[in-house]
Amino acid sequence: MNKPQSKAKPLAAYDHTKIEAKWQKQWDKKKAFVVKEDSTKKKFFGLIEFPFPSGDGLHVGHIRSNTAMDIIARKRRREGFNVLYPIGWDAFGLPTENYAIKTGMQPSVVSKKNSDTFRRQLKALGFSFDWSREIDTTDPKYYKWTQWIFLQFLKKGLAYKKKMTINWCPKDLTGLANEEVVNGCCERCGTPVEKRDKEQWMLAITKYADRLDKDLDTVEFLERIKTQQRNWIGKSEGAELSFKIKDSDKNIDVFTTRPDTLYGVTYVVLAPEHKLVSEFMDKIENKSDVEAYIAKVKKETDIERTDAKKEKSGVELKGLRAINPANNEEVSIWIADYVLADYGTGAVMAVPAHDERDFEFAKKYNLTIKTVIEPLISKDDGPDAVKKDAPFVERNAAVCIIKHWSEDKYLMSFYKANGWKGFVVGGIENGESVAVTGTREIHEETGYKNAKFVREVGTIHSKFYHAVKSVNRFAHFKVAYFELSNGDRDEMAEEEKKLHDVVWLSPSEVAASVNREDIRIAWNFFNGKTSYTGSGLLVNSGSFTGKDSESIKKDITSSAGGKWVTTFKLRDWIFSRQRYWGEPIPVVHCESCGIVAVPEKDLPVKLPKVKNYKPTETGESPLAAISKWVNTKCPNCKGKAKRETDTMPNWAGSSWYYLRYADPKNKKVFADKKKLEYWTPVDWYNGGMEHTTLHLLYSRFWHKFLYDIGVVPTSEPYMKRTAHGLILAAGGEKMSKSKGNVVNPDDIIGTLGADSLRLYEMFMGPFDQPIAWNTDNIAGVRRFIERVWKLHEKVQPGTVATKDAQKIVHKTIKKVTEDIEAMRFNTAISSLMIALNELERQESVAVESYEALLQLIAPFAPHVTEELWASLGHKDSIHTSGWPLFDAAFTVESEATIMIQISGKVRGSFTAPMNTSKEELEKLAKESPEAKKWLEGKSVSKVIVVPNKLVNIVVV
RNA sequence: GCCGGGGUGGCGAAAUUGGUUAUACGCGCAAGACUUAAAAUCUUGUUUUCGUUUAUUCGAAAGUGUGAGUUCGAGUCUCACCCCCGGCACCA
């Protein structure tokens, strides 16, 4: 260690422009952040999403993410890690191509110009990137390996060509992947997508669906990222069952997660596109109706078709009947737009009693609704939770819904003890009917004499612990509906009056008061507006009647000859784009051999330079027009062949770029295995939530594939994934060029400096939360930097740090160290400000205190701290100095302030040594003047003492 | 509809695990100091209501989206509801 020799000479005024340029040059020259593999050191691979170099220049959002990871990277370096923090350009993509078309420039030229701007801007922010590893996805030396990976997919049969209906963007004139369609519109330009039938290259991501889902358990991703990916993959387990079509040898296969409701099937529904519909068309009696309906559905767009709010429609296939495999019952067959052709088997069994959509459909077309499940509510928490060791006692009871004789109001009992409202309930005696029990109980509990039984509504079962009787109760509530014919009423018995009042409520008031699940279900039953979709006890279900619906799903499935299967919502990845600016797909179409892969030795298949790369209306890539490039020889038979003219989506290059960082210049392999073993996996990856079901999912898929073919050492690419919140424009809207509300970082760097900008973006709010830009607030962090600069004047060589100064410094070390790890940058900076305020109050500041402060600020504001560090006489960079450690002796208080509370209200405080005994604290509190004042004339009923915190004296 | 995240001063936001008089830190605003003046800088103040004092002051109560609950004690826990943001959505 070199000894600092502070001269305590006043520094010149803080000139950010000079300082920032000076140190950036210096770091570049010294290759301060260039790393090599070093087996003696632990590695840390920190990653941010490499930017797409758009013509708009760097966005303040990039800075938020990059600064956060820069702070972490700088801290790791100083903790002794060998840190890889790389950068590159994800430069293929439509905006560049569109701009090139508009201006007549070559996309490669536009791209180069844009990445030059980005590089200049990133360097101006002082990020500690290893610039020697810079990569560019549009560099043939890079995309050679993107193409190579594609060939491996092809070899394993995971890349395949298929004619299918795809989403086509009429503005960008290209096909899109499912992940790129947002609410039926193109993710990039917002144009509603169209359907087109096209030959497409596909990647079989569905083969990895289960692992992509399951392996989320092995990585440290933010919970919301995991949920979102799981959602998207959409794993669902259920039964596949076959309904035979009567008088034929064909079956309708259906997928269901609720085989327990099989006995409640009253019809089956096919998607209008289902192939059985056309196969049986001649047998359908109402053929013309059916054909008309199919034609109508085909005309609808995806958005119209899948709007859940739209009223469902359908038409019966008359003359066809299906047979329920469970009980051989015949049911009708329908086609309807609410059944999707491409999910499950494209057909469903309809159970209107226990499925919302089926219910709605059945109501509309007057189809049978057959109840096969009665709700069973089992309390598993609270004081009435079922006790494992207590016996069950069954009991039948009537629940009475009672209507007023003249108004649309219903009777409820208001229980005075707990404020609950409920319907009149009474035990059913042996052999008694609900009607008899109900009428009797209504009279006993409410006094009303003329209740008339109208109908039974349904049954609800309930299991709970009956504390008074010390048994578990298994109650069967029969819900019945009564109407009062008039208001004739006897006086309520005294003991009933004590328990509850009688209140009349309107239907909406009833709905608002039913906060217990069983009462709510009873009320819903009565209203008949919804179906019961929960679990419970089976009825009308043959040999399964009386069983618990959850536990017999698999049994019912096998008894009906079905099988238990897993399905996914995830679809295979549409990998072709009909545009110029992407990696050419490295295959040729040979007249005699068909599709032939370009030999690996011939990679890369370079993008030809052309004059016109405008996309075409025909759905053919512009490359198709370049006959010189297209016409080639088959590598196999040397016969005539044409090159594939579709290109890859821009998600291709980004699916493996982090691997290339480990060995960016390798010409023999995409990355040397030893280097991969040293650097990968990525330890910490920060990026945007918008990539969760795109880039993040795609790259996990590629990585797993590369792992399977043995070329990468781990099965997951990223150990940890975090996400930053979006930076919005001042009004809270998205920043966009068209709205003219984009903040240009160059301006701020010019006026206030990169350090201020970095500090502001970290201080503006919680890192993971979206936040609106506010230029005024940058002044605060700029002042902070200036005050740190000025504090230098108070640094005197001979000064011994006071106890207070030491305490605040060590507390700050602790806080900043912890906050950086948790990405709580805003509170880390706030604690640095508090420390500065404290040190400014000192007469003079010890060198060690000031140094510690600078060392803590350094990751946030690397330039000004480097300058001040040097001014203290240090020859080595502050960014190679060890990360400060705190001494617990200074962070633990020796005295505690004890609050005096009287009946929970704070009335005063006193100080006492740490860990003073409870008895002592109580004594001290009672002797305090505040206590004396507030306790006068009162008597103490209870005293609560929390050591080191408070004494609460409760009085009456 | 379902799944996440959130609702605290004029604004961005703090508040270990329920417990040191809620609003740290920053912005803004107000007053003062310095200055011929302004900017910059520094100092002080800045939740609301009520009462009190000529005034500086002093005192009380309420207060973290709404309503209830648990507790000696709730921004923090429970229940119901309202609103905002993000994702998924006729997924069988």
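Lettering of chains follows the sequences in order, A, B, ..., and the numbering in each one begins at 1.
OP1 or OP2 of B:G28 sits under 4.0 Å from a side-chain N or O of A:R783. One finds a side-chain N or O of A:K942 lying less than 4.0 angstrom from the OP1 or OP2 phosphate oxygen of B:C72. Phosphate contact (OP1/OP2 of B:G26, side-chain N/O of A:N837, threshold under 4.0 Å): present. For A:R230 and B:G4, the shortest distance from a side-chain N or O to OP1 or OP2 is not below 4.0 Å. OP1 or OP2 of B:A14 sits under 4.0 Å from a side-chain N or O of A:N826.
Of the C1' atoms belonging to B:U54 and B:U43, the separation is 27 Å, rounded to the nearest Å. For B:U76 and B:A15, the C1' atoms lie 9 Å apart once the distance is rounded to whole Å. Taking atom P on both B:G4 and B:U78, the two are 14 Å apart, rounded to the nearest angstrom. Nucleotides B:U52 and B:A60 have their C1' atoms positioned 10 Å apart, rounded to a whole Å. Comparing the C1' positions of B:C85 and B:G69 gives a spacing of 29 Å, expressed to the nearest Å. Comparing B:C77 with B:A24, their C1' atoms sit 24 Å apart, to the nearest whole Å. Nucleotides B:A92 and B:G7 have their C1' atoms positioned 36 Å apart, rounded to a whole Å.
Salt bridge absent: A:E360 and A:K364 never bring a charged side-chain N and a carboxylate O closer than 4.0 Å. Taking the charged nitrogens against the carboxylate oxygens, A:K918 and A:E922 have no contact shorter than 4.0 Å, which rules out a salt bridge.
Between A:Y338 and A:D358, the side chains place a donor N or O and an acceptor N or O closer than 3.5 Å (distance only, hydrogens not considered). Looking only at atom types and distance, the side chain of A:D755 has no donor-acceptor partner in the side chain of A:H16 under 3.5 Å away.
Nearest-nucleotide positions on RNA chain B for A:T567 and A:E786 put A:E786 closer to the 5' end. Toward the 5′ end of RNA chain B lies the nearest nucleotide of A:R787, the other residue of the pair A:R787 and A:T257 mapping further downstream.
For A:N952, taking side-chain heavy atoms from C-beta onward, the closest of the listed nucleotides B:C88, B:G73, B:U21 is B:G73. Which of B:C25, B:U17, B:C3 sits closest to the side chain of A:F763 comes down to B:C25.
Side-chain atoms of A:Q901 and base atoms of B:G19 include a donor and an acceptor less than 3.5 Å apart.
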Run the side-chain hydrogen bond (donor to acceptor under 3.5 Å, both in side chains) test on A:N686 and A:H724 for me, step by step, so that the C-alpha distance in whole Å, both residues' side-chain angles and the decisive distance to 0.1 Å come before the verdict. CA-CA 7 Å; A:N686 187 73; A:H724 53 265; 3.1 Å; yes
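Base-pairing analysis of RNA chain B finds the following stems of at least three consecutive Watson-Crick or G-U pairs, with both pairing distances under 3.5 Å: B:1-7 with B:82-88, B:10-12 with B:25-27, B:28-33 with B:41-46, B:47-51 with B:58-62, B:65-69 with B:77-81.
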